[in-house]
Amino acid sequence: MYSAKEAAKITGLPTATLRYYEKEKLLPPIARNSQKYRQYTDDDIEWIKMIQCMRTANIPIHSIKEYVALLIQGGETLKQLYDMVQDHMKVIKQQMADLQNAFTLTQKKLSFYEKLLEDSSYKDISCSQEWKLFNHGKN
């Protein structure tokens, strides 16, 4: 069993976040000792890590709640769980495409600035001149 402070240290999350996860029912009920302090088990820690992974994947809290509720119900919800994960996979693929586009544009912009830095005649370039030059030419 781990205290809230120990669980926070293990997971790298503030105790306030652990309380929030519990309040929002993202975690199963956390056991309490005789002084009413939270006592986290190894299973609770693993559950928290699963939620962290989902948050890292940009899954919204309301979707995590829905997922957790289905997970707690057990095997009869496997199809719903599968569908949720499949839907999120589509979202991740779109995010990856969006990030790739942003990365490509950023690379072009960086290359554009490198060229401008090599040419001292551009040191007093205005915002509108820079915009026109980037969008209509020498990039």
Gap between atom CD1 of I48 and atom OG1 of T11 - 0.5 Å precision: 5.5 Å

Rounded distance (nearest 0.5 Å) linking atom CG of L78 with atom CD of Q73: 11.0 Å

Nearest-0.5 Å distance, CD1 of residue I61 to CG of residue L26: 5.0 Å

L27 and D44, any side-chain heavy atoms less than 4.5 Å apart: no

Any K109 side-chain heavy atom under 4.5 Å of F134 side chain: yes

Minimum heavy-atom distance L71-W47, with the two atoms named: CD2-CH2, 4.0 Å

Within 6.0 Å of CE in M89, more than 12 heavy atoms from elsewhere: no

Same apolar cluster (I L V M F W Y, side chains within < 4.5 Å links), I59/V85: yes

Min side-chain heavy-atom separation L99-M96 under 4.5 Å: no

Side chain to side chain, K9 and Y2, heavy atoms closer than 4.5 Å: no

Smallest separation among heavy atoms of A31 and M1, with atom names: CB-CE, 4.2 Å

Summary of salt bridge (charged side-chain N to carboxylate O under 4.0 Å, His left out) pairs that have at least one residue in residues 22-35, sequence neighbours excluded: E22-R32, E22-R38, E24-K65

Heavy-atom side-chain proximity of V68 to Y21 below 4.5 angstrom: no

Side chain to side chain, H88 and Y67, heavy atoms closer than 4.5 Å: no

I72 with I51, same ILVMFWY side-chain cluster at under 4.5 Å: yes

For E46, all residues meeting salt bridge (charged side-chain N to carboxylate O under 4.0 Å, His left out), sequence neighbours excluded: K49

Check: T77 side chain, Q80 main-chain N or O, donor-acceptor pair, under 3.5 Å: no

S111 side-chain N/O to Q107 backbone N/O, donor-acceptor pair under 3.5 Å: no

Rounded distance [0.5 Å steps], OG1 in T41 versus CD1 in I30: 7.0 Å

Distance in Å, N101 CG paired with L105 CG, rounded so as to fall on 0.5 Å steps: 9.0 Å

Non-hydrogen atoms of P14 and A8 that approach each other most closely: C-CB, 4.3 Å

Closest non-hydrogen atom pair between T15 and A4, with its separation: CG2-O, 3.6 Å

V91-M84 co-clustered via ILVMFWY side chain contacts under 4.5 Å: no

From CD (Q39) to CG (N33), nearest 0.5 Å: 4.5 Å

